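Contents: one structure, followed by commentary.
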Protein chains: 2
Amino acid sequence: MDQKAATPRKRATIKDVARLAGVSPGTVSNALSGKRRVDSETQARITRAIETLDYVPNLAARGMRTGRAGTIAIFSSMPTAVAAGTSRLGFLMELAASAAVSAMESNTALLLIPPIADPGAALGTIAFDGAILVEPSANDPYLSLLAARGVPTVVIGPAEPRATLSVTLDYQAMAGMLFDHLAEGGATRIPLVIGQSPRASNEVFRAVYTARCAARGIVPQVIALPEAEGERGAREALGTHIAAHGPPDAVLVPIDAMATGVMAALRGAGLDVPGKVRVATRYDGLRARSETPPLTALDLHLDRVADLATRLLVDTLETGTDGASIAAPAPELVVRLSTARS
Amino acid sequence: MDQKAATPRKRATIKDVARLAGVSPGTVSNALSGKRRVDSETQARITRAIETLDYVPNLAARGMRTGRAGTIAIFSSMPTAVAAGTSRLGFLMELAASAAVSAMESNTALLLIPPIADPGAALGTIAFDGAILVEPSANDPYLSLLAARGVPTVVIGPAEPRATLSVTLDYQAMAGMLFDHLAEGGATRIPLVIGQSPRASNEVFRAVYTARCAARGIVPQVIALPEAEGERGAREALGTHIAAHGPPDAVLVPIDAMATGVMAALRGAGLDVPGKVRVATRYDGLRARSETPPLTALDLHLDRVADLATRLLVDTLETGTDGASIAAPAPELVVRLSTARS
DNA sequence: CGTGTGCTGTAAAACGTTTTAATGCACTAT
DNA sequence: ATAGTGCATTAAAACGTTTTACAGCACACG
């Protein structure tokens, strides 16, 4: 039964095809790419030759000539890789999955680049024509590296002055929707639990939060802590906060890892959700949904966001035009049990 | 402020480096790859030249010479792309995320290949050295295509005679663990809701199920339906089943989309989970966890599975040795509310 | 002295495409 | 007739590496 390993025949090249079809390699190339007309009769001979020889073009050679790799890369910056962990990964993966199919529709393949220790060195190892950068932080190392290498890059995230291409997420709207939803039940004690790093997301949420608090005449309670402490940090911080200031009516906690901590703290304090306290977070991912009760969150339409980003990128690559900035579709509130009306 | 677009300087080539360092291109190549010794003093001159010229190797050219693309691709076969949808996607993405970091550790990038309409054509468009194929179906088109192209492929899934490389998932163990867990409460009416396509997963689950039913002297109730009907199909099928045969004690429903349908049917019939009926599914993903109540499932250790597969693949690529088959780590039961003891 | 033997280095030949400039060739318009 | 105009095709030059075969040189060994 052991089939002898088929002779490792050298793969047919474009020259072989040309010879068999009785034309020059150049003509075969044109027939393949459609860059110039070739007579329909020779066209036919060529396709026949391709079939019989089972020819498949050598992409490295083509790439060398054209200077294109036929791939785009999706990055998540995330210097503190480990801390962010699965939750952030879900966000990225949702984008990646959609980007992959959009890219494929444009005859481009998607490279999934995990957070890496030495971006500078690694970038030289990977061939790609353009990049999608997900929620870069304040002054992200990737952004400068990619710019330095002259790689067209579309940023998914906050409006980023350094980026020529972007699909901008409206953190303002997100914060507003979540806050209003929590406040509309008449809540007056609504702490904001948030990361303290200088990401746009943190800053905007904080700003909107304080503004709306002021508008409603309720006193803001900002609990900022390092992202790295995530779940545990949020649990402890909210615990001591409750001890000091008494129980809240609601909690706005954009980062889902922290939301888990918040839920634990509330359970610990014997505060029923949503009975006593209503809770909402930002990203409607695995984490928000597997909480008990599941958390109200935002549908950010990440599939469409990824699709927009990918199309923008490949368009730019193809036309060579200069950048553009597209707004992401408006987020939608997904009301779950954690904010159910009593 | 508007910085004039930097002159689009042509990128430095290895020749430029050679010239500046006063050596031949060949020597630079050797210095870079370490394939041959080069004098430490010239080595130093070369690295200096590389830095001042900001040289970064042209990967297409290198790839053409070496015949290596520096990438591996991860595929999910899934001809019926849409039907499978998000749930299956989660499974794939979990693998992909881990594979991406493992690959990167081996200086390889991971291509995320979505299900595509015309695999045969598309494969010629993408450059990769090896492939990871996730749960290929009975006679998967990809498997033959990849084999025909001579691309080393590791299969994650059932033991697959056609594959020389694989990380095998133990469906037998999975089915056994889930069944025993459901049966151990003394349940005697335990329908199996399952897909009817000839995937190994379906077949093994069915076989184990009937065997264990026989062992316990309980009568098997197999409800097989097309995967494509997924959630809705399972809901309707279980509904009519209950009408005909009365309520079950437990339901074993490996495919998570169908599990959602099963939960709906049970709710419809007024059967409390886990009070009246206990339910378990296979993949512990978004879907299982966001069910109410969340479903007992299996932790398949997909991160380790992906890591094994990736390492196996790059090892094979590097050493050129022949295939091997590795067993995936044993699955672990994750007991959730859907099978809580009353 | 003559001959082997390491050690660094080089020149030049690939690798398989795409692209550029040129070549016929058949027409049409003058 | 002559010149001009497309059109389909071709020959050959790139593209930037790696690799192969060879050369020089110093040194040790007989």
Side-chain angles (χ1 to χ4, degrees), chain A residues 8-47 49-50 53-70 107 124-129 149-150 318 320, chain B residues 8-47 49-50 53-70 107 124-127 129 149-150 318:
Chain A
R9 289 184 64 34
K10 252 171 90 60
R11 277 247 284 271
T13 82
I14 204 173
K15 288 185 183 174
D16 301 324
V17 174
R19 198 175 316 129
L20 181 55
V23 296
S24 80
T27 303
V28 177
S29 174
N30 284 327
L32 246 41
S33 66
K35 278 215 187 340
R36 295 171 54 136
R37 264 208 65 75
V38 354
D39 189 272
S40 66
E41 208 266 321
T42 50
Q43 174 74 263
R45 278 210 316 280
I46 289 175
T47 46
I50 287 180
L53 291 183
D54 199 20
Y55 166 73
V56 24
N58 178 323
L59 294 152
R62 172 178 296 174
M64 163 153 91
R65 224 15 262 244
T66 62
R68 295 282 282 272
N107 275 317
T125 306
I126 311 170
F128 56 96
D129 302 325
R149 261 186 75 181
E318 276 166 10
Chain B
R9 290 186 61 35
K10 249 171 94 58
R11 277 247 283 270
T13 83
I14 205 174
K15 288 186 184 175
D16 301 324
V17 174
R19 198 174 317 127
L20 181 55
V23 295
S24 80
T27 302
V28 176
S29 174
N30 285 327
L32 245 41
S33 67
K35 278 215 188 340
R36 293 171 53 136
R37 265 208 63 77
V38 352
D39 188 89
S40 66
E41 208 266 321
T42 50
Q43 175 73 266
R45 279 211 314 282
I46 289 174
T47 46
I50 287 180
L53 291 183
D54 199 20
Y55 166 73
V56 24
N58 178 324
L59 279 82
R62 171 178 298 174
M64 163 153 91
R65 234 1 269 244
T66 62
R68 295 282 283 275
N107 275 317
T125 306
I126 311 171
D129 303 323
R149 260 186 77 180
E318 276 167 9

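Only a predicted model underlies this, so the values are computations on that prediction, with no experimental measurement involved. Lettering of chains follows the sequences in order, A, B, ..., and the numbering in each one begins at 1.
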### Test side chain to side chain contact (heavy atoms under 4.5 Å, CB included) applied to Glu318(A) and Arg68(A), step by step
CA-CA 10 Å; Glu318(A) 276 166 10; Arg68(A) 295 282 282 272; 4.2 Å; yes

### Task
Any chance you could lay out the side chain to side chain contact (heavy atoms under 4.5 Å, CB included) test for Tyr55(A) and Leu20(A), step after step, and finish with the verdict?
CA-CA 12 Å; Tyr55(A) 166 73; Leu20(A) 181 55; over 6 Å; no

### Task
Determine, step by step, whether Val28(B) and Val23(B) satisfy the side chain to side chain contact (heavy atoms under 4.5 Å, CB included) criterion, reporting the C-alpha distance in whole Å, the side-chain angles of both residues, the deciding distance to 0.1 Å, and the verdict.
CA-CA 7 Å; Val28(B) 176; Val23(B) 295; 3.7 Å; yes

### Task
Carefully, step by step, assess Arg11(B) and Asn58(B) under the rule side chain to side chain contact (heavy atoms under 4.5 Å, CB included).
CA-CA 9 Å; Arg11(B) 277 247 283 270; Asn58(B) 178 324; 5.9 Å; no

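One distance of note links OG1 of Thr47(A) with CG of Leu32(A); it measures 10.0 Å at 0.5 Å rounding. Rounding to the nearest 0.5 Å places CD1 of Ile50(B) at 12.5 Å from CZ of Arg45(B).
Put simply, chain A comes within 4.0 Å of DNA chain C, heavy atom to any atom, from dG16(C) to dA21(C), going 5' to 3'.
Straight-line distance from the CG atom of Asn30(A) to the P atom of dA8(D): 11 Å, rounded to whole Å.
Of the residues in residues 31-43 of chain A, those lying under 4.0 Å from DNA chain D by heavy-atom distance are Arg36(A), Arg37(A), Val38(A), Asp39(A), Thr42(A).
Looking at heavy-atom distances under 4.0 Å, Thr13(A) makes contact with sugar-phosphate atoms alone, never a base. At the heavy-atom level, Ser29(B) lies under 4.0 Å from base atoms of the strands shown.
For Arg149(A) and Phe128(A), the positive end sits near the middle of the six-membered ring, less than 6.0 Å away and at most 45° from its axis.
With hydrogens and angles ignored, the 3.5 Å screen pairs no side-chain donor or acceptor of Asn30(A) with any backbone N or O of Lys35(A).
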